2 protein chains.
Amino acid sequence: MAASARRGPYICGIDAGMDVVAGKWKSLILWELNNYGTRRFGELRRGLPGVSEKMLVQHLREMEEDGLIHREIYREVPPRVEYSLTPDGTSLNEALSALGSWGQQRVKRLAASGSLVEVSSTA
Amino acid sequence: MAASARRGPYICGIDAGMDVVAGKWKSLILWELNNYGTRRFGELRRGLPGVSEKMLVQHLREMEEDGLIHREIYREVPPRVEYSLTPDGTSLNEALSALGSWGQQRVKRLAASGSLVEVSSTA
DNA sequence: TTCGGTACTTACCTCTGGGTAAGTGTGGAG
DNA sequence: CTCCACACTTACCCAGAGGTAAGTACCGAA
């Protein structure tokens with residue numbers, strides 16, 4: 001998203017929320033973690049077709065700082081790291097569900113009118 | 001937002017929705033139009049402290065294309081243009097209200113713990 | 001006669017979000 | 001002995017999101 005995160009004085013709650021979700025893959029990470037409960041780094045990478053490792057790490061760190069996700073490190077070889085939603089992350093995901101439904105409606109509407117927009121096909 | 005709008009195949013409804021709200025001022029424009037019902041260009045500019053005319057126009061045009069807002073031109077001198085939400089824009093705004101509440105909660109939480117984050121003060 | 005207000009458009013520039021690719025340390029498999 | 005998988009880190013690069021400032025056409029007020 002090209003929306004620059006302000007993390008400064010907010011005008012209303014919406015942009016305080018948007019600020020935290022701003023980032024190309026953040027809402028998808030939330031969605032993925034919500035669906036699977038807990039996921040490893042590699043699983044997330046494979047689950048989000050097109051993410052670069054750099055951005056995945058960066059987004060995960062920011063979301064951890066923002067208190068949205070929990071990072072559990074298992075000191076094994078090879079290393080294992082598991083990510084999961086915190087209560088705040090879970091509630092954020094719930095808050096986004098309405099937007100998700102709206103988005104699905106929109107995709108349906110667009111598909112119904114001529115403009116062929118497909119959802120997750122042959123990505 | 002530096003979140004790049006994809007307008008391509010979406011993975012889930014959430015990013016289809018996010019795609020349309022991606023843009024530094026879009027959610028604020030939605031909020032402003034929802035609060036006032038109908039607003040003129042200059043009113044919006046003054047209502048969103050910090051917005052540049054270029055970005056305001058650009059966002060308004062994109063949101064009009066996306067069917068979120070309606071643009072009514074009054075051929076007077078000086079010219080008058082009024083913006084308002086379409087039904088789709090209104091429902092999107094409703095879908096964002098949960099995110100707005102979450103954001104407010106978050107601001108309260110942050111304020112409660114040491115990190116002083118203020119909402120719309122001496123912008 | 002100049003200024004201000006309306007709603008823009010245009011050219012130019014900066015900043016940074018995001019991508020690409022290579023490197024790191026360890027151990028097991030082949 | 002080499003390769004691969006894990007979960008990263010680092011350096012470098014580019015496109016585009018967003019900002020700045022000036023210009024446009026019109027009229028009324030000072």
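This structure is a prediction, so every number in the text was calculated from the model and none was measured. So that the names make sense, note that chain A is the first sequence line, chain B the second, and so on, each numbered from 1.
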Practice problem: Measure from the side-chain heavy atoms of B:Phe41 and tell me the nearest of C:dG19, D:dG19, C:dC8. | Solution: C:dC8
Quiz item: Of all the nucleotides listed (D:dC26, D:dG19, D:dC6), which has the minimum atom distance to the side chain of A:Pro79?
Solution: D:dC6
Quiz item: Do A:Ser97 side-chain atoms and A:Asn93 backbone N/O form a donor-acceptor pair below 3.5 Å?
Solution: no
Exercise. Classify the nucleic acid contact of B:Tyr83 as base, sugar-phosphate or nothing, counting any heavy atom under 4.0 Å across all strands shown.
Key: sugar-phosphate
Quiz prompt | Ion pair check, A:Arg80 and A:Glu72, cut-off under 4.0 Å | solution = no
Self-check item: Beyond-backbone contact of A:Ile29 with A:Leu48, side-chain heavy atoms, under 4.5 angstrom
Solution: yes
Quiz item: On DNA chain C, nearest-nucleotide positions of A:Ser52 versus B:Arg71: which is more 5'?
Solution: B:Arg71
Quiz item: Do A:Lys54 and C:dG19 share a donor-acceptor pair, side chain to base, under 3.5 Å?
Solution: yes
Quiz item: Choosing from C:dG18, D:dA22, D:dG19, which nucleotide comes nearest the side chain of B:Lys24?
Solution: D:dG19
Quiz item: Should A:Arg46 be listed as having a side-chain N or O under 4.0 Å from OP1 or OP2 of D:dA7?
Solution: no
Quiz item: Within the structure, does a side-chain N or O atom of A:Arg61 lie under 4.0 Å from either OP1 or OP2 of D:dC8?
Solution: yes
Self-check item: Candidate nucleotides D:dT9, D:dG19, C:dT6, ranked by approach to the side chain of B:Arg40 - the nearest
Solution: C:dT6
Practice problem: May I ask you to evaluate whether A:Arg80 reaches the phosphate of D:dA7, defined as a side-chain N or O under 4.0 Å from OP1 or OP2? | Solution: no
Exercise. Starting from P on C:dG18, measure out to CG on A:Leu28 and report it in whole angstrom.
Key: 12 Å
Exercise. Mind checking the OG1-CZ spacing from A:Thr86 to A:Arg71? Nearest 0.5 Å is all I need.
Key: 15.0 Å
Quiz item: About how many Å separate CG of A:Leu92 and CG of A:Leu96, when rounded to the nearest 0.5 Å?
Solution: 4.5 Å
Quiz item: In terms of side-chain geometry, is the basic nitrogen of B:Asp15 or A:Lys24 positioned less than 4.0 Å from the acidic oxygen of its partner?
Solution: no
Practice problem: For the side chain of A:Val57, starting at C-beta, report the closest nucleotide among D:dG19, D:dT9, C:dC8. | Solution: D:dT9
Self-check item: B:His59 side chain near D:dA17 phosphate (N/O to OP1/OP2, under 4.0 Å)
Solution: no
Quiz item: When we call it a touch if two heavy atoms are under 4.0 Å apart, what does A:Arg75 touch: a base, just sugar-phosphate, or nothing?
Solution: nothing
Would you mind writing out the side-chain donor-acceptor pairs for residues 36-44 of chain B within the sub-3.5 Å range, not counting sequence neighbours?
unit_1  : atom_1 : unit_2  : atom_2 : d
B:Thr38 : OG1    : B:Tyr83 : O      : 3.4
B:Arg39 : NH1    : B:Glu32 : OE2    : 2.9
B:Glu43 : OE1    : B:Arg40 : N      : 2.7

Quiz item: Just how far, in rounded Å, is P of C:dT9 from CD of B:Glu53?
Solution: 11 Å
Quiz item: Can we say A:Arg106 and B:Asp66 salt-bridge, meaning some charged N sits less than 4.0 Å from an Asp/Glu carboxylate O?
Solution: yes
Practice problem: With axes from five pairs an end, tell me the bend angle of the helix from C:dT1-D:dA30 to C:dG30-D:dC1, nearest 10°. | Solution: 30°
Quiz prompt | B:Ser113 side chain to B:Arg109 backbone, donor-acceptor under 3.5 Å | solution = yes
Exercise. Please list, by residue number, the residues of residues 29-38 of chain A whose heavy atoms come closer than 4.0 Å to an atom of DNA chain D; answer none if no residue qualifies.
Key: none
